[in-house]
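All chains are named by letter (A, B, ...) in the order of the sequence lines, taking the proteins before the strands, and each is independently numbered beginning at 1. Small disclaimer: the values here were computed from a predicted structure and weren't measured.
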Amino acid sequence: MTTTPAADGDELFALHTLRLNINGEQRRIQVHAWTTLLDMLREQLQLTGSKKGCDHGQCGACTVLLDGKRINSCLTLAVMHDGAELTTIEGVADGEALHPLQRAFIKHDAFQCGYCTPGQICSALAMAGENHAHSRADIREQMSGNLCRCGAYNNILDAIEDALPACRGELETSAPALGKRGSAA
Amino acid sequence: MSPFSYARPTAVQEAVQLAGPHARFIAGGTNLIDLMKENVERPQRLIDITGLPLHEVADTVDGGLLIGALVSNSDLAWHPRVQHDYPLLAQAILAGASPQLRNMATTGGNLLQRTRCLYFYDTATPCNKREPGSGCSARQGLNRNHAILGASEHCIATHPSDMCVALAALQAQVHVAGPQGARQIAFADFHRLPGDQPQRDNVLADNELITAIELPAEGFAAHSHYLKVRDRESYAFALVSVAAALDIDGHVIRQARIALGGVAHKPWRNPDAEAVLIGKPATAANFRLAADLLLDGADGQGRNNFKIPLARQAVVRALTDAAQAMEAA
Ligand SMILES: Cc1cc2nc3c(=O)[nH]c(=O)nc-3n(C[C@H](O)[C@H](O)[C@H](O)COP(=O)(O)OP(=O)(O)OC[C@H]3O[C@@H](n4cnc5c(N)ncnc54)[C@H](O)[C@@H]3O)c2cc1C
Ligand code: SF4
Ligand code: FES
Ligand code: FES
């Protein structure tokens, strides 16, 4: 990471240059220290799939995968993640081919307004990689970080339960974005 | 958020040297960034400690566990030794927040999260914790989530952590580094009661850094239970929580630990409540005796009076579940 001081030399307004791999693409981007990862994605990179529901870690609409792990992008600063690998909802499909989770959400009608859906899908994708959900009750508990104001929970649960085996199969064969770097060292 | 400068040290001493009253360490950021967005916290400098070498979980020579301050709550909860030897800790962590937050939140940060008192977050209202001397809005206000034990006229806030309740019961040690070197603090002495200085949640100095948490070998794996009572089944802070751990020999209790969460400015223990169980059989009557001692002196604030009977019953249930834990496993 390189840091460029502001024109008047004030270090508070310095710009930090980050290198990030976002959805498989290498990106270089300048941010202020206070820019959240979510604001960077939405405002600077126009990746508006990740939603701002609450901006306080309480809803999960901003869920993305950071080095394979699901996080709330509204509660972390972009500047802290130089060199990281990010997967957002824009990177979940394989070109025009929808991901099994996306297909299952359509099949089970797992949304109404759709605002929580990108976060739900990213969260479920990471949950598959974690491999701690072994029952419908487990899925319910481990998806509790994603609220749905429309209350589409039953269909969301059906969709995830349906797609989970396919997600796991996909993880075993190839996983471009999932769990490659493991925990940050 | 107000502007701030940003530093990312790679050595503990370097981080400690950068610290001071107008600087804040940032780890997972899940509490600090939230408070910065509300202007409750306005640091001039952020010290990103995620580059420090504090990410390991290691066995100690005497059979315990040394947990680096930057180990995430998820990694800790699912760590094989924690799952096997300290299930109480695993249960407590997994009862808190959400999977996303637990992936971000760190061991050190969890100890230092601030209260969820509404007025502490609302900069338009008086709050002695946020602004010493301004008054406590909660005493006459919305205090449903507030303390029933150890409160003062200056502050009736509770410490919101689940993990800390288990760490209190397990008698962990907090390892700290400062400019003067390292020290260890017993978990019971780490958090403080509000008294007339509610702005101080704990005994850490501004320029001290938590480096690790150490667990002793005794994890009460056979007989422990974390019970969390909340307004919804998941993703909510505790109204009351109980970490119960028993060492049972046949039908007789050899050792007992009971810590209460959601009821005070720190995880609440009382040696008398634990001593009364020693040498006794694990019966509901004895558990009620312990619960009464633990809640001795409990006082409601008006809207939270329900917590007193709730906590009493939760203690009995957690101890009952702990006593039966092994048979179920
Ligand atoms: C919506 C929501 C729900 C939640 N629900 C729960 C719940 O049910 N149960 C629960 O227990 N918690 C809950 N939490 C709180 C969460 O567990 C804490 O925010 C988290 O543990 C804090 O860790 P962090 O690493 O993110 O800390 P940060 O936000 O990075 O830091 C918190 C504080 O600790 C200081 N700090 C951090 N690390 C160190 C260190 N090593 N040495 C010295 N100072 C340090 C920082 O300066 C800051 O003041 C919830 C949070 C949110 C947002
Ligand atoms: S209870 Fe404590 S934190 Fe809440 S308003 Fe009173 S002084 Fe502030
Ligand atoms: S927008 Fe991040 S959790 Fe709600
Ligand atoms: S579909 Fe509307 S919020 Fe979930």
A/Met127 and B/Pro99, any side-chain heavy atoms less than 4.5 Å apart: no
Run A/Leu75 and B/Leu101 through side-chain contact (heavy atoms from CB on, under 4.5 Å) and show every step you take. CA-CA 9 Å; A/Leu75 280 191; B/Leu101 289 161; 4.0 Å; yes
Top residue by heavy-atom pair count (under 4.5 Å) with chain A, among B/Ser74, B/Pro3, B/Ser2? B/Pro3
Between CG on residue A/Asp39 and CE on residue B/Met1, distance to nearest 0.5 Å: 7.5 Å
Rounded to the nearest 0.5 Å, how far does CG of A/Leu77 lie from OH of B/Tyr6? 8.0 Å
Evaluate the side-chain proximity of B/Asp75 to A/Lys69: yes if any heavy-atom separation is below 4.5 Å, no if none is. yes
Going by residue number, which parts of residues 81-91 of chain B are within reach of chain A, meaning a heavy-atom gap below 4.5 Å? none
Under 4.5 Å between any side-chain heavy atoms of A/Asn131 and B/Trp78, yes or no? no
Among residues at least two apart in sequence or on other chains, which ones pass side chain to side chain contact (heavy atoms under 4.5 Å, CB included) with A/His32? A/Leu15, A/Trp34, A/Thr35
How would you list, in number order, the residues of residues 29-48 of chain B that have a heavy atom less than 4.5 Å from chain A? B/Gly29, B/Thr30, B/Ile33, B/Asp34, B/Lys37, B/Glu38, B/Gln44, B/Leu46, B/Asp48
Tell me the residues of residues 138-148 of chain A whose non-hydrogen atoms fall below 4.5 Å from those of chain B, in number order. A/Glu141, A/Gln142, A/Ser144, A/Gly145, A/Asn146, A/Leu147
Which answer fits B/Ala27, side chain, backbone, both or neither, if we ask what part of it has an atom under 4.5 Å from a heavy atom of chain A? backbone
